[in-house]
Amino acid sequence: MKTFSEFGLEPKVLRAITEMGFEESTPIQDKAIPVAMEGRDLIGQAQTGTGKTAAFGIPLINKIDIKEERIVALIMCPTRELAIQVAEEIEKLGRFKGIRSLPIYGGQDIVKQIRGLRKKPQIIIGTPGRLLDHINRKTIKLDDVQTVILDEADEMLDMGFMDDIQAILKLVPEERQTMLFSATMPINIQKLAQQFLRNPEHVSVIPKQVSAPLIDQAYIELHERQKFEALCRLIDMEAPDLAIIFGRTKRRVDELAEALQKRGYTAEGLHGDLSQNQRDNVMRKFRDGSIDVLVATDVAARGLDVSGVTHVINFDLPQDPESYVHRIGRTGRAGKEGAAYTFVTPREIDHLHFIEKITRHRITRKPMPSLAEAIEGKQKMTAERVLEILQKDEHNEYKGLAISLLEQHDSVHLLAAALKLLTGDKKEVEIELTPEDPIRAKKRRPDVRSSGRRPSGPYGTAGGARRGDRPYDRDRGGYRSGGGDRSGGGGDRSRRDGGRDNRDYRGRTDNRDRGYSRPSNRTNEETLV
Ligand code: ADP
Ligand code: MG
């Protein structure tokens with residue numbers, strides 16, 4: 001760890017860093033900033049949440065000449081959320097220097113973006129699909145770009161952006177600095193780097209343990225139809241400050257968010273079918289605490305940086321270990337403790353063990369929360385709220401009434417009644433969710449990534465042993481039949497009408513890159529996003 005003053009940055013940049021509250025640099029910043037400041041090409045690898053944005057943002061802001069009136073830097077990000085997040089950080093870093101930057105992403109009014117472009121930003125932060133749109137419309141020209149950053153490169157490739165990225169990079173002058181940042185380094189990233197980076201310095205900070213040790217990881221074995229009740233009890237019992245619940249499909253997210261609202265929880269859903277405005281709204285409410293449960297799909301929640309998430313609940317088991325790590329990594333951030341619960345149906349237990357093996361972390365089995373525990377949890381919460389008010393001494397105007405009530409009633413009975421009122425009755429609404437197919441263990445080629453590790457021993461065996469092992473049989477085991485009603489009902493049909501606007505949330509189109517083979521009866525990829 002260093003202090004930022006050791007890097008020889010401009011005072012205005014240093015001041016911005018200080019204002020942002022950064023005191024010491026993170027390990028990836030330590031390694032990347034000096035290399036980037038020399039002007040060299042760079043491959044930076046570190047886990048999510050380790051400060052990669054500032055690792056490239058600081059040297060970039062430091063380098064740009066403020067008199068410049070052309071687009072001299074291009075940052076590519078996989079999703080609009082990440083583009084917005086990076087743009088916010090770049091904006092803060094460049095504030096005192098007066099650097100102009102502009103985010104460009106699908107889903108936002110293109111006319112508004114064109115207006116933004118007229119202000120002559122020096123840095124463009126964009127998603128590949130929408131960037132290409134502008135390039136084709138000639139509203140963005142890359143002839144003067146001197147620095148290119150590929151942020152979250154593994155995510156971009158996972159989302160099928162390889163062709164777009166290549167097309168864009170071919171339009172940028174060869175005489176430039178290119179930096180590629182990624183949490184993992186699968187083969188396809190290395191190929192991309194070979195093609196577009198010149199003699200790059202490889203800096204990496206690979207954690208000893210794949211998943212964060214501060215996260216208390218547990219799983220609950222249950223049947224699909226028990227999941228919703230279990231979820232409500234878990235929320236009641238644990239009383240999370242902020243919780244993210246992961247569902248497998250967009251339909252699942254919609255249904256869950258609505259079901260939770262019906263039961264009286266402040267919950268909202270986040271997935272790729274929402275409009276830009278809706279998404280921003282949901283995120284704002286989650287950040288400012290006006291909702292405390294966010295229901296999301298993997299892609300919608302990836303990389304999101306929300307502090308204070310105390311609980312992650314995997315309502316559906318994720319398909320791959322990397323997703324599991326990404327999901328639970330939304331909690332336990334900035335050295336805080338977090339809890340991750342995963343619901344696993346009996347048929348998915350093998351797959352859970354596979355995830356444990358790859359992440360090298362044991363996931364403790366816990367029983368389904370009982371009704372009594374749920375009630376106790378809720379009552380405890382109410383009592384805490386009451387005591388908080390007592391401590392803050394904010395109840396004076398109620399004292400008169402309290403005295404007169406106490407003259408007529410027993411104090412214990414009276415307080416119990418008030419607590420009951422405060423706790424609120426559980427709303428007994430019938431909830432029915434469309435069941436999801438269980439995840440089953442997948443064949444895994446031995447030559448694929450595992451969160452940045454060479455997949456030696458545990459990999460091949462786990463994948464290999466499981467191949468073809470007890471294939472899922474649709475007609476057994478109490479699930480409502482899949483296929484037919486899945487594609488038509490529930491309003492989950494994905495919208496392809498938005499053309500490019502939906503691009504940034506496309507499902508992963510190139511699964512070969514991840515080394516998984518998809519069975520043909522998988523849910524349509526589109527619904528996963
Ligand atoms: P990554 O891209 O590696 O996932 P981010 O760049 O999004 O991580 O950073 C995660 C969070 O850490 C952000 O809120 C960012 O502002 C904060 N952060 C980055 N660098 C520092 C630092 N040196 N000190 C304190 N906080 C930092
Ligand atoms: Mg990042």
Side-chain angles (χ1 to χ4, degrees), residues 7 9-10 12-17 19-20 22 29 32-33 36-37 39-42 44 51-106 108 110 112-135 138-153 156 164-165 168-169 171-173 175-181 196-197 303 305 504:
F7 292 114
L9 297 162
E10 275 182 43
K12 281 179 181 167
V13 179
L14 208 52
R15 188 170 151 214
I17 296 170
E19 292 268 317
M20 286 166 80
F22 297 1
Q29 291 163 1
I33 292 174
M37 285 177 72
R40 290 197 53 187
D41 280 8
L42 170 75
K52 294 194 286 298
T53 316
F56 63 75
I58 290 170
L60 178 66
I61 298 287
N62 198 65
K63 167 182 178 178
I64 292 177
D65 181 354
I66 190 61
K67 292 191 290 295
E68 198 58 78
E69 299 213 317
R70 307 167 298 173
I71 299 170
V72 291
L74 176 65
I75 303 174
M76 282 189 250
C77 302
T79 65
R80 46 191 155 195
E81 267 75 22
L82 288 172
I84 292 169
Q85 229 165 262
V86 169
E88 281 171 359
E89 189 123 328
I90 292 288
E91 176 66 34
K92 284 185 203 152
L93 286 169
R95 197 166 47 177
F96 295 110
K97 194 164 167 184
I99 294 289
R100 295 180 302 276
S101 59
L102 182 72
I104 291 283
Y105 44 84
Q108 194 191 35
I110 201 151
K112 190 176 160 201
Q113 290 174 355
I114 291 170
R115 227 178 292 135
L117 285 164
R118 290 211 190 101
K119 293 185 188 143
K120 308 218 176 290
Q122 294 130 342
I123 306 175
I124 298 288
I125 303 112
T127 51
R130 182 52 72 98
L131 276 171
L132 264 185
D133 264 3
H134 278 281
I135 292 167
K138 305 216 178 339
T139 41
I140 286 183
K141 178 162 85 64
L142 302 178
D143 302 352
D144 304 307
V145 169
Q146 293 152 12
T147 314
V148 172
I149 291 141
L150 301 167
D151 190 24
E152 315 276 355
M156 286 203 282
D164 290 357
I165 294 171
I168 293 169
L169 287 179
L171 298 172
V172 181
E175 200 52 47
R176 62 161 193 257
Q177 181 181 24
T178 312
M179 296 185 251
L180 181 155
F181 283 82
F196 291 104
L197 273 66
D305 180 41
D504 297 345

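Along the sequence shown, residues are numbered consecutively beginning with 1. Note that the coordinates shown come from a computational prediction; the quantities given were computed from them, not determined experimentally.
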Looking at every heavy atom in both [X] and [Y], which two are closest together, and how far apart are they?
{"X": "Met156", "Y": "Cys77", "answer": "SD-C, 3.6 Å"}
{"X": "Asp143", "Y": "Pro173", "answer": "O-CG, 3.0 Å"}
{"X": "Met76", "Y": "Pro128", "answer": "SD-CG, 4.4 Å"}
{"X": "Ala54", "Y": "Pro59", "answer": "O-CD, 3.8 Å"}
{"X": "Ala32", "Y": "Leu42", "answer": "CB-CD2, 3.9 Å"}
{"X": "Gly98", "Y": "Ile66", "answer": "O-CD1, 2.9 Å"}

Legend entry - Contact list for residues 87-102, test side-chain hydrogen bond (donor to acceptor under 3.5 Å, both in side chains), sequence neighbours left out: Glu10-Lys97
Legend entry - side-chain hydrogen bond (donor to acceptor under 3.5 Å, both in side chains) contacts in which one or both residues fall within residues 56-76, not counting sequence neighbours: Lys63-Thr147, Lys63-Gln177, Glu68-Arg70, Arg70-Asp144
Report the distance from atom [atom1] of [X] to atom [atom2] of [Y], rounding to the nearest 0.5 Å.
{"X": "Leu74", "Y": "Ile125", "atom1": "CG", "atom2": "CD1", "answer": "9.5 Å"}
{"X": "Ile104", "Y": "Arg130", "atom1": "CD1", "atom2": "CZ", "answer": "8.0 Å"}
{"X": "Ile64", "Y": "Ile90", "atom1": "CD1", "atom2": "CD1", "answer": "8.0 Å"}
{"X": "Leu197", "Y": "Arg40", "atom1": "CG", "atom2": "CZ", "answer": "10.5 Å"}
{"X": "His134", "Y": "Ile124", "atom1": "NE2", "atom2": "CD1", "answer": "8.0 Å"}
{"X": "Ile33", "Y": "Phe7", "atom1": "CD1", "atom2": "CZ", "answer": "4.0 Å"}

Inset, instruction - Before giving the answer on side-chain contact (heavy atoms from CB on, under 4.5 Å), spell out for Gln85 and Thr53 the whole-Å C-alpha distance, their side-chain angles and the decisive distance to 0.1 Å. - result: CA-CA 9 Å; Gln85 229 165 262; Thr53 316; over 6 Å; no
Legend entry - Residues that Ile135 engages under side chain to side chain contact (heavy atoms under 4.5 Å, CB included), provided they are two or more places apart: Leu132, Ile140, Leu142, Ile168, Leu171
Legend entry - All side chain to side chain contact (heavy atoms under 4.5 Å, CB included) counterparts of Leu14, not counting sequence neighbours: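 For Leu14 the side chain to side chain contact (heavy atoms under 4.5 Å, CB included) partners, ignoring immediate neighbours, are Phe4, Ser5, Leu9.
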Legend entry - 4.5 Å side-chain heavy-atom contact, Arg176 and Val145: no
Inset, instruction - Would you check if Asp151 and Leu82 make a side-chain contact, meaning some heavy-atom pair closer than 4.5 Å? - result: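 Counting from C-beta outward, Asp151 and Leu82 never come under 4.5 Å.
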Inset, instruction - Could you go through the side-chain contact (heavy atoms from CB on, under 4.5 Å) check for Ile75 and Phe181 one step at a time? - result: CA-CA 11 Å; Ile75 303 174; Phe181 283 82; over 6 Å; no
Inset, instruction - Check for a donor-acceptor pair, side chain of Arg80 on one end and backbone N or O of Gln108 on the other, with a separation under 3.5 Å. - result: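 Checking the backbone N and O of Gln108 against the side chain of Arg80, no donor-acceptor pair under 3.5 Å is found.
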Inset, instruction - Give a yes or no on whether the backbone of Thr178 and the side-chain of Asp41 come within a donor-acceptor separation of less than 3.5 Å. - result: yes
Legend entry - Residue pairs fulfilling ring pair (Phe, Tyr, Trp, His ring centres under 6.0 Å) with at least one residue in residues 77-101, sequence neighbours excluded: none
Inset, instruction - List the steps, then state whether side-chain contact (heavy atoms from CB on, under 4.5 Å) holds for Leu169 with Leu150. - result: CA-CA 10 Å; Leu169 287 179; Leu150 301 167; 4.2 Å; yes
Inset, instruction - Take Leu93 and Met20 through the test side-chain contact (heavy atoms from CB on, under 4.5 Å) and record every step on the way to the result. - result: CA-CA 8 Å; Leu93 286 169; Met20 286 166 80; 3.5 Å; yes
